Amino acid sequence: MKIENPTPIQWQFSVRAQQLQSSVIREILKITMRPEIISFAGGLPSPLTFPVEHMKVAFDKVLSTQGKVALQYGPTDGYAPLREWIANSLSIDGATISPDQVLMTSGSQQGLDLLGKVLIDEGSKVLVETPSYLGALQAFSVYQPEFVSVPTDDHGLIPESVAAIGKGARLLYALPNFQNPTGRSLSIERRLALVETCARLGLPLIEDDPYGALSYRGEPLPKMLNMNPNGVIYMGSFSKVLTPGIRLGYVVAPQVLARKMEQAKQATDLHTAQLTQMVVHEVIKDGFLGQHIPTIRKLYSDQCNAMLAALTEFFPAEVTWTKPEGGMFIWVTLPKHIDSMKLLDEAIAQNVAFVPGAPFYANAPEQNTLRLSFVTVPPEKIREGVAKLGKLIAAKM
Ligand SMILES: Cc1ncc(COP(=O)(O)O)c(C=O)c1O
């Protein structure tokens with residue numbers, strides 16, 4: 001039945017597709033899969049934290065009691081009881097979030113893509129932190145915006161700088177808690193100032209918050225969403241508090257935007273798997289996260305401390321790094337003359353990996369920066385890997 005001599009296709013990719021590139025991190029991850037490598041490169045949560053047994057019991061319960069619903073097509077905006085649970089959990093600090101504002105997505109990465117789809121035209125001004133989450137830069141890039149980098153300092157994004165550059169922009173994308181890649185958090189004062197500035201400009205403020213629950217010390221700071229639910233679009237994810245493999249996230253947006261994103265999602269994938277939404281609801285509905293999240297915080301906090309101690313012990317005095325109070329990342333700044341991309345080649349030869357900082361910048365990359373993740377490496381390996389890196393850096397001083 002196979003036809004003879006088909007004309008070879010000259011693929012004509014769209015202009016949009018021609019600009020697509022593989023994430024540097026994904027490329028590095030391929031190398032770091034080798035078991036001998038001590039990898040500080042991945043942004044993957046620790047598999048030690050995955051609640052495999054709870055998921056197993058929940059899958060079984062959902063399939064045996066509601067199997068016909070779970071395996072059917074579902075609504076685009078998501079499984080109603082889960083959207084209600086999310087709306088309730090976010091209705092704090094005097095704000096009321098309605099389930100109609102919640103759109104379930106296939107990971108919050110899809111939320112970023114949908115935001116880009118409905119808010120960004122070619123050349124639209126999009127404000128991002130310096131540096132910012134690489135996956136967001138990738139997702140927005142498809143829609144060909146003009147990225148404007150918002151200045152930051154050791155305490156994160158500087159709200160005063162937004163007033164001057166934010167006019168006419170389509171959105172500002174911010175990560176207030178334990179930012180990926182720097183691990184920095186915004187103070188309450190800066191959150192308020194940022195929300196006020198954006199409200200004054202009529203500028204939609206995206207609050208991407210996959211790490212907020214992973215605070216090592218006390219309760220997380222107030223959400224910007226609750227400071228202005230009409231102007232802040234909140235993004236949450238189950239990837240870092242349950243498991244990333246289920247690909248479940250959500251966007252909380254004012255009604256008009258939520259409905260537009262729902263239409264965009266319908267065109268993209270109809271809906272996020274009903275089965276996984278029902279299972280996640282089954283797992284969390286009776287307070288499981290309240291017991292589970294502290295165990296993740298403890299593991300990550302211990303490993304973060306191990307890395308901070310090793311950095312102090314092995315890195316030359318000219319190197320600086322952030323001291324995160326939650327989340328998964330430490331950001332390192334080397335002396336200006338050291339290019340972290342070149343350092344990576346030498347590190348891999350020594351069986352250690354990290355992510356160079358340059359890809360996290362929308363504009364003007366700082367080549368002397370790098371990101372370290374400590375969550376999937378046990379403390380003794382953290383010490384060994386940091387010692388090797390320290391030696392390579394010291395040789396360049
Ligand atoms: C800041 C940030 N936003 C979004 C995501 C995407 O998460 P998800 O697994 O929910 O798609 C990540 C993943 O690492 C992230 O770090």
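Just so we're clear, the structure is a prediction, and the values are computed from it rather than from any experiment. Every number for a ligand or one of its atoms is a count from 1 in the order of the listing. All values below were derived from every heavy atom in this structure, side-chain atoms included, with hydrogens, water molecules and symmetry-related copies excluded.
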Stepwise side chain to side chain contact (heavy atoms under 4.5 Å, CB included) test for Leu71 and Leu275 | CA-CA 6 Å; Leu71 298 176; Leu275 173 60; 4.3 Å; yes

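The aromatic ring centres of Phe238 and Tyr250 sit less than 6.0 Å apart. Taking the six-membered ring for Trp and the full ring otherwise, Tyr173 and Tyr133 have centroids separated by 6.0 Å or more.
For the pair Pro379 and Gln303, the minimum side-chain heavy-atom distance is below 4.5 Å.
Salt-bridge check for Glu262 with Lys265: failed, with every basic side-chain N at 4.0 Å or more from each acidic carboxylate O.
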Distances for all N or O pairs of ligand 1 and the protein under 3.5 Å?
from: ligand 1; atom 1: 3 (N); to: Asp208; atom 2: OD2; distance (Å): 2.6
from: ligand 1; atom 1: 7 (O); to: Ser108; atom 2: OG; distance (Å): 3.4
from: ligand 1; atom 1: 9 (O); to: Ser239; atom 2: OG; distance (Å): 2.6
from: ligand 1; atom 1: 9 (O); to: Arg247; atom 2: NH1; distance (Å): 2.9
from: ligand 1; atom 1: 10 (O); to: Ser108; atom 2: N; distance (Å): 2.7
from: ligand 1; atom 1: 10 (O); to: Ser108; atom 2: OG; distance (Å): 3.0
from: ligand 1; atom 1: 10 (O); to: Ser237; atom 2: OG; distance (Å): 2.7
from: ligand 1; atom 1: 10 (O); to: Ser239; atom 2: OG; distance (Å): 3.3
from: ligand 1; atom 1: 11 (O); to: Ser108; atom 2: N; distance (Å): 3.1
from: ligand 1; atom 1: 11 (O); to: Gln109; atom 2: N; distance (Å): 2.9
from: ligand 1; atom 1: 11 (O); to: Arg247; atom 2: NH2; distance (Å): 2.7
from: ligand 1; atom 1: 14 (O); to: Tyr211; atom 2: OH; distance (Å): 3.4
from: ligand 1; atom 1: 14 (O); to: Lys240; atom 2: NZ; distance (Å): 3.0
from: ligand 1; atom 1: 16 (O); to: Asn180; atom 2: ND2; distance (Å): 2.9
from: ligand 1; atom 1: 16 (O); to: Tyr211; atom 2: OH; distance (Å): 2.6

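At a cut-off of 3.5 Å, with distance as the only test, a side-chain donor of Arg259 or Gln255 sits close to an acceptor on the other residue.
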